[in-house]
Every structure is written in structure tokens, then in C-alpha cells.
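Working notes, beginning with the structure itself.
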Protein chains: 2
Amino acid sequence: MKDYSVIIVDDHPVVREGYRRLIDLQPGLKIAGEAEDARAAYAQFRALRPDVVVMDVTLPGASGIEAIRHIRQYDDSARIVVFTMHLSAAFALKAVQAGAMGYITKSSDPRLLVEAIFGALRGQTVISPDVIEAIARDRISGIGTGLTDLSPRQTEILCLLARGWSAERIAGELSISPKTVRNNHYQIKSILGLETDAQLVWFALETGLLPAI
Amino acid sequence: MKDYSVIIVDDHPVVREGYRRLIDLQPGLKIAGEAEDARAAYAQFRALRPDVVVMDVTLPGASGIEAIRHIRQYDDSARIVVFTMHLSAAFALKAVQAGAMGYITKSSDPRLLVEAIFGALRGQTVISPDVIEAIARDRISGIGTGLTDLSPRQTEILCLLARGWSAERIAGELSISPKTVRNNHYQIKSILGLETDAQLVWFALETGLLPAI
DNA sequence: GTTTGTCGCGGGCAATTTGCCCGACCTTTC
DNA sequence: GAAAGGTCGGGCAAATTGCCCGCGACAAAC
């Protein structure tokens, strides 16, 4: 019986090493390839046609969510399992909407990832318990993370604003007008119902958009 | 010749597996223990007295920075190398101030971590090139010194501003005019050399004026 | 093909806030 | 009692915010 082939997508080399010990040593699975960003993941998928893709959602350049969509567009039977540090209901829902067959946090027991891979092979979607709980909690409170209400661009700008960057610096970084940054700044605060810029930082910290020190 | 002992601190099991392949297979190094949060790291350090600690800065509960301080307070000859995904000048400076002997990003070539470990054993501080560049670009020097330059009243107002309170609310709380709050707001940013209100929050977090999440 | 929707981008303009000056009170300290 | 420093606020030009608008791109729906 042939092993199922897996490709792994993560931008941190050390994490890919960790995958190897988890997956490659697992009977029935073998790692066919690696990629460190969304474009390479897509190229690898087309070249190797693996049975399963295991990928992070935060990647350099295009987001993992987009990569999922892209791969599923090319082959809608692709099995993709998201494996990420983000314990986020918003990310998980987006990933599943985009076509992921699993969402496991890196702080989970590693065996859960293996289970999710075999689950995906059987056509089951496995979500790690901590994420399920986060989804349930968000639903109950009704508030949600708020992050889902922001467009990708707004999220990006929020992230830079919360870092303490000036509108001018952000404008330079993104090659847009400072006025656009200011408009987005206002829109973001308006959508999230925030009063001050300091609250904006706290929002970014609480949603995990930025790491707390 | 005895191998140097290393303990690894990271909250993601898969990352710890990656460390094992990197460090344990390296001639001259062996992994003596693992920890997944700051408290466990401290306990492991006291129990095992390793030659080097490799740790992330974002950990559940207490921050890695605090863990560094805590360990160095217990043993000021402790060699600690930070290995993290965060390409952040502020984190790196904070870590080195706290006593870290190295700061390497997870997206660096893994061999750099090994080099940093051996560097730390020789008493050298190794910072990964991407972080050096970030420090040069951000030029956020000056942060981390200023608290002593603020009067008690200014510190109090800074604390409330950083919490996200509006000038009016602070004025009500302290029974002074909103105008005075705004003047203080300006003075504080001026004294600390800050540009935006978001930086003000980070200042409060980094000086420990406010607890992070 | 067209409509409808959303998204990213920015102009415009009044209202507000900031940046930076000022002086008037306290205390403390020499 | 004079000097020094903290606290409190007024004033005013310059800058920013809050909120409106329209434009073009692009995807989905009719």
C-alpha cells in the first residue's frame, strides 16, 4: 500500500522541521514537498498533486486563505488542512469557507494534526477543540471578533496603525495617499466602534493581530 | 567532552519538535528539557541549570521578556537566546535589555540559531540581520528611558490615555479641564519623543505601566 | 450584457484637535 | 523671599478628524 503524500507550507524553517518529525515518521504518510509562501505552495501543488496540503494561514505575501482559494479553484477536490498559531474564530471560519478541510492550532496536541490529515483523507473536516470553543464564545456574546467586519486592506492598515506608524509612513509603505490612510483610519474606528487610537491598539492586541509584549 | 545542555521554551509542540532536529542532532549540543510557558521555563532552569536557554518571547501567561528577567535575576550568568517569529525592533531591544544574549527570527536560516547558541556560550550576543535592519529603520531609540522624565501627574494621565480613555473622560475622572488633559497629552508625547497615540500605548506596555493583556 | 455589490482609492469641507505659546497659582528648597 | 518645579488652563494658527462625496475595478447575479 502506497503512503499518502503531503506537502507542507510554512514560512518558518524550524516549523517545517517539526512537521517532518510529526508527519514523515507517521506510518501511512510521507512528505512530498515543502513551500514557504503561497505562490510556491500553488506551484508545488500543481507539480506534485499531493493527497493533502498542510499549511499555515499567515504567510509572506499573499495570505494562506487566498492560497487555499487558489488551490481549490485549480482542483476542488484538494484536501487542505490549516495548521496555525492563531486561535481565531474569524480565521477558522474564513479558512473553512475558502475550502479548508481542517483547522488545527499549533498549541494543540500534535497528534490532532495527524488525525486531521487522516480525517481530511476520509472527507471529514476536523477543527481543534480550542477553536470550536472560540467560535462558540464569539457566537454567544454576539459581538464576534469584529475582524470579520474589516476588509483585508483595512485589517492591514489597522495592523500598521496599531504598531504606531504615522499615516504618512503607512502611505509610503503601501504606496497610497496619506488621505486614504486617514480615511481608512476613520472607517476602521467607525466599524469597530472605537473612540481613540489607543483603543485601536488594544483591539489589535486582543484579536491577536499583534502580539503583546 | 561533554555536550552543552540546552532547554527550549515554546508553546507550540510542533516548533519544539523542530528545535529537536536543529539542536539535538547538532554535535556539541543536547536538549536537556522543554517548557511551554514562562513559569515552566523558570522551574526547568532551576532544576536543570542548562548552559543555554532558547525561548520564544510570546508565551501563554507571562511574557517571555519577563521570563528572561526572572531567570537572569536568579542567575545573572544565564545565557538566553530568543528565537521568535516576530521581526520587531522593539521586542529585540526589550529582550536584550532584559538580558537576552541573542535574538533570532524563525524565518532566518536555522543555522543562524545554532550560531547564536554557540555565540552565547562564548559570551557574544547575536542578532539576526533582519532585526538589525529593522532597528536601523525604525530608529525607535529613546523608548524605554523616559518614564523618569514624567511628573507623577503626567504618568497618571499617560496611564489613562494608554487605556484608551478620551480626554473628556479623564478630565471627569481627575476633576480637571479637558484642556489640561490635552495639554498633558501633548507634553507627554513631546517629552517621550512619541509621534502617535498608538506608540503611547506601546510605551506604557513596555515600561510595565500597564499589564499586557 | 447588464445590473448590483463591494472594495480600494482619494477629494472636499466644516468642526475639532493638536502643537506650542502664555501666565497664574501652589509647594518645596535653599 | 527668591528660585525652581509641578499643576492647571487660556489662546490661536495649523493640522487633523469626521463624514460626505465620486470614481474605477472587479466579481457575482440576473
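To find a chain, count down the sequence lines: A is the first, B the second, and so on, and within it residues start at 1.
- Residue B:Ile188 contributes atom CD1, which lies 15 Å from atom P of C:dC20 at whole-angstrom precision.
- Counting non-hydrogen atoms of other residues, nucleotides and ligands closer than 6.0 Å to CD of B:Glu168 gives a total above 12.
- Taken to the nearest 0.5 Å, the OG1 atom of A:Thr196 stands 7.5 Å off from the CG atom of B:Asp197.
- Looking at residues two or more places apart in sequence or on another chain, you find a ring pair (Phe, Tyr, Trp, His ring centres under 6.0 Å) between B:His70 and B:Tyr42.
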Pairs: protein N or O with nucleotides 5-8 of chain D N or O, under 3.5 Å:
| unit_1 | atom_1 | unit_2 | atom_2 | d |
| --- | --- | --- | --- | --- |
| D:dT7 | OP1 | B:Arg153 | N | 3.0 |
| D:dT7 | OP2 | B:Ser151 | OG | 2.2 |
| D:dC8 | OP1 | B:Arg153 | NE | 3.4 |
| D:dC8 | OP1 | B:Arg153 | NH2 | 2.7 |
| D:dC8 | OP2 | B:Arg153 | NE | 2.7 |

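- In this structure, the side chains of A:Val14 and B:Leu113 stay at 4.5 Å or more apart for every pair of heavy atoms.
- Annotation: the terminal axes of the helix from C:dG1-D:dC30 to C:dC30-D:dG1 meet at 30°, where each axis is the rotation carrying the C1' atoms of four end pairs onto the next four (5 pairs per end, rounded to 10°).
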(request) Would you give a per-nucleotide map of nucleotides 21-28 of chain C, 5' to 3', where B means the base has a protein non-hydrogen atom under 4.0 Å away, S means only the sugar-phosphate does, and - means neither? (result) --------
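- The side-chain heavy atoms of B:Tyr103 and B:Thr125, taken from C-beta on, include no pair separated by under 4.5 Å.
- Computed from coordinates, the B:Lys189 NZ to D:dA15 P distance equals 15 Å when rounded to whole Å.
- Residues B:Gln199 and B:Leu192 are not in side-chain contact: their nearest non-hydrogen atoms beyond the backbone lie 4.5 Å or more apart.
- In this structure, A:Ile170 atom CD1 and C:dG10 atom P are separated by 14 Å, rounded to whole Å.
- In this view, B:Glu115 and B:Leu112 satisfy the side chain to side chain contact (heavy atoms under 4.5 Å, CB included) rule, not counting sequence neighbours.
- Atoms CZ (B:Arg182) and P (D:dG11) sit 15 Å apart, rounded to a whole Å.
- A straight line from NE2 of A:His185 to P of C:dT17 spans 14 Å, rounded to a whole angstrom.
- The base of D:dG11 sits with one of its N or O atoms less than 3.5 Å from a complementary donor or acceptor on the side chain of B:Lys179.
- Considering only residues two or more places apart in sequence or on other chains, B:Phe45 meets the ring pair (Phe, Tyr, Trp, His ring centres under 6.0 Å) condition with none of them.
- At least one side-chain heavy atom of B:Ile191 sits under 4.5 Å from a side-chain heavy atom of B:Gln154.
- A salt bridge is defined here as a Lys NZ or Arg NE, NH1 or NH2 lying under 4.0 Å from an Asp or Glu carboxylate O, and B:Asp109 with B:Arg111 meets this definition.
- Put simply, CD on B:Glu168 is 14 Å from C1' on C:dT18, counting in whole angstrom units.
- One distance of note links CZ of B:Arg182 with CD1 of B:Ile170; it measures 10.0 Å at 0.5 Å rounding.
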